[in-house]
Amino acid sequence: MQDLGQEAHAQAQPEATAAKRFGVVQRPVLEWNREVERETAHLYPRVRHHIPEIEWPVFAPYIAAINRLKQQRNAVILAHNYQTPEIFHCVADIVGDSLQLAKEATKVDAEIIVQCGVHFMAETSKLLNPEKTVLIPDMKAGCSLSESITGADVRLLRERYPGVPVVTYVNTSAEVKAETDICCTSSNAVQVVESFGADTVLCIPDEYLAINVAAQTDVKILTWKGHCEVHERFSADELLAYREADPEIEIIAHPECPREVVEIADYAGSTSGMINYVRDRRPPKVLLVTECSMASNIAGEVPDVEFVKPCNLCPHMKRITLPKILDALCSMTEEVTVDPAIAGRARLAVERMVNLQN
Ligand code: 13P
Ligand code: SF4
């Protein structure tokens with residue numbers, strides 16, 4: 001593993017705005033006509049369980065316009081598993097959990113990446129693809145975990161725990177990543193923590209993820225008090241009530257949930273781990289203890305599975321909508337850039353994680 005002190009590679013910074021470099025195009029006229037109907041006919045079956053047929057003429061003109069513009073612009077859409085079904089199934093080129101999106105970002109040929117997810121995900125794509133143009137349809141799509149910690153906090157932790165390796169959840173800003181040794185996601189956190197062969201590791205900023213990792217390893221884990229505002233709302237009592245009502249129900253939780261919630265679950269894993277669990281095991285009745293779009297995105301593929309709510313919405317993920325994606329492609333805003341002073345070190349932390357898995 002390389003030292004954090006090593007020379008940072010400067011991040012290529014665009015000289016002109018993306019709008020200047022690529023030009024702006026007028027938003028196309030959006031209407032439901034024969035052409036749009038024909039172009040989107042193959043997509044409707046993927047979302048029919050979610051969008052009533054009568055509402056399709058509202059969605060389809062946006063979907064057709066986005067897919068045309070993607071080709072025209074040489075752009076790809078990377079979408080997280082929490083995006084709404086019309087984004088996930090109808091305009092995304094690549095879908096996945098945070099780790100999959102980070103890995104796929106390294107293989108993108110297109111000139112432009114439109115990140116349908118939250119800001120740290122777009123930043124990760126930019127770090128791994130400094131020469132590409134990365135757009136996010138809403139710059140305000142943040143994350144409570146990412147906002148819970150700053151680079152200065154990590155520097156203080158290093159002073160307090162000298163020599164202790166720092167593992168940072170990918171749900172953080174580039175500024176925070178730049179201060180850490182390696183990143184992790186929910187799907188590789190235990191492997192990353194154990195990769196140092198150290199007795200003690202700082203695993204920040206998600207307290208619950210850290211506690212859930214600590215339960216699977218002998219490494220002593222130190223953490224931070226950051227929480228996901230979506231997953232911290234689930235409680236053990238709530239889940240036990242569902243299980244009491246139906247003992248056969250399978251409960252699948254994301255590791256950002258509190259420990260007592262994960263302990264009740266039959267399985268805990270990343271968003272893609274949860275999808276694969278349902279896809280492979282086909283539980284007759286399942287409760288996905290996570291963001292609401294997860295169940296909506298997989299429901300069409302597994303009609304034999306009954307999904308039981310509750311779920312919680314991520315207000316940040318829900319900032320991304322079809323109209324905003326279309327506007328981003330027309331106006332070439334909002335462009336995500338990373339300060340060259342931190343980009344090299346932040347990139348190293350992400351690359352170490354990606355390379356660990358390969
Ligand atoms: P995953 O890496 O499991 O997709 O999680 C990302 C996230 O933000 C969950 O809240
Ligand atoms: Fe952040 Fe939680 Fe939203 Fe994921 S679900 S983006 S961790 S606030």
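As a basis for the values below, the full set of heavy atoms in this structure was taken, side chains included, without hydrogen atoms, waters or symmetry mates. Ligands are counted one by one from 1 in listed order, and the atoms in each one are counted from 1 as well. Computed from a prediction, not measured in an experiment: that's the story for all the values here.
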Give yes or no for whether the N/O distance cutoff of 3.5 Å, strictly under, is met between [X] and ligand 1.
| X | value |
| --- | --- |
| Asp97 | no |
| Thr185 | no |
| Ser186 | yes |

Does [Y] offer a backbone N or O that forms a donor-acceptor pair with the side chain of [X] under 3.5 Å?
| X | Y | answer |
| --- | --- | --- |
| Arg46 | His89 | yes |
| Arg155 | Glu179 | no |
| Asp97 | Ser270 | no |
| Ser144 | Glu229 | yes |

What atoms in ligand 1 come closer than 4.0 Å to a heavy atom of [X]?
| X | result |
| --- | --- |
| His231 | 10 (O) |
| Asn171 | 7 (C), 8 (O) |
| His254 | 1 (P), 3 (O), 5 (O), 9 (C) |
| Ser98 | 1 (P), 2 (O), 4 (O), 5 (O), 6 (C) |
| Ser270 | 3 (O) |

From atom 2 (Fe) of ligand 2 out to just under 2.8 Å, does an N/O/S atom of Cys143 turn up?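 Given the 2.8 Å cut-off, Cys143 does not count as a ligand of atom 2 (Fe) of ligand 2.
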Do me a favour and list the nearest non-hydrogen protein atom to atom 2 (Fe) of ligand 2 with residue, atom name and distance?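 The answer is Cys228 SG, 2.3 Å.
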Tell me: protein heavy atom nearest atom 9 (C) of ligand 1, and distance?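 Result for atom 9 (C) of ligand 1: Glu256 OE2, 3.2 Å.
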Quick one: does [X] get within less than 4.0 Å of ligand 1, heavy atoms only?
| X | answer |
| --- | --- |
| Gln100 | no |
| Met317 | no |
| Asn81 | no |

Does either side chain, that of Glu86 or that of Tyr62, offer a donor lying less than 3.5 Å from an acceptor on the other one?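 Absent: no donor and acceptor within the cut-off.
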Would Asp153 and Lys225 count as a salt bridge (charged side-chain N to carboxylate O under 4.0 Å, His left out) here? Give the steps. CA-CA 12 Å; Asp153 292 328; Lys225 279 256 178 244; over 6 Å; no
Which atoms of ligand 2 are found less than 4.0 Å from any heavy atom of [X]?
| X | answer |
| --- | --- |
| Tyr82 | 5 (S) |
| Val230 | 5 (S) |
| Asn171 | 7 (S) |
| Leu145 | 7 (S) |
| Ser144 | 8 (S) |

Of Asp93, Ile325, Ile112, the residue whose pairing with Lys70 passes side-chain contact (heavy atoms from CB on, under 4.5 Å):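 Passing option: Asp93.
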Less than 2.5 angstrom apart at the SG atoms, yes or no, for Cys311 and Cys292?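 Between Cys292 and Cys311 there is a disulfide, given that their SG atoms are under 2.5 Å apart.
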Taking the inter-plane angle between the rings of Tyr82 and His231 on a 0 to 90° scale, is it parallel (under 30°), tilted (30 to 60°) or perpendicular (over 60°)?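 The arrangement is tilted - the two ring planes meet at 30° to 60°.
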CG/Asp199: more than 12 non-hydrogen atoms of other groups inside 6.0 Å: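 Check fails, neighbour count at 12 or below.
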Could you tell me whether Asp280 atom CG has more than 12 heavy atoms of other residues or ligands within 6.0 Å of it?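 Yes, enclosed.
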Is it true that Asp181 and Arg158 make a salt bridge, defined as a side-chain N closer than 4.0 Å to a carboxylate O?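 Looking at Arg158 together with Asp181, the answer is yes, because their closest N to O distance falls below 4.0 Å.
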Please determine whether a side-chain nitrogen of the Lys or Arg among Glu334 and Lys324 lies less than 4.0 Å from a carboxylate oxygen of the Asp or Glu.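 Salt bridge: no.
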Heavy-atom distance to atom 3 (Fe) of ligand 2: which of Pro315, Cys314, Gly117 wins?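 When every heavy atom of Pro315, Cys314, Gly117 is considered, Cys314 comes closest to atom 3 (Fe) of ligand 2.
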Mode of Glu291 contact toward ligand 2 - side chain, backbone, both, neither (heavy atoms, under 4.0 Å):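 None of Glu291 does.
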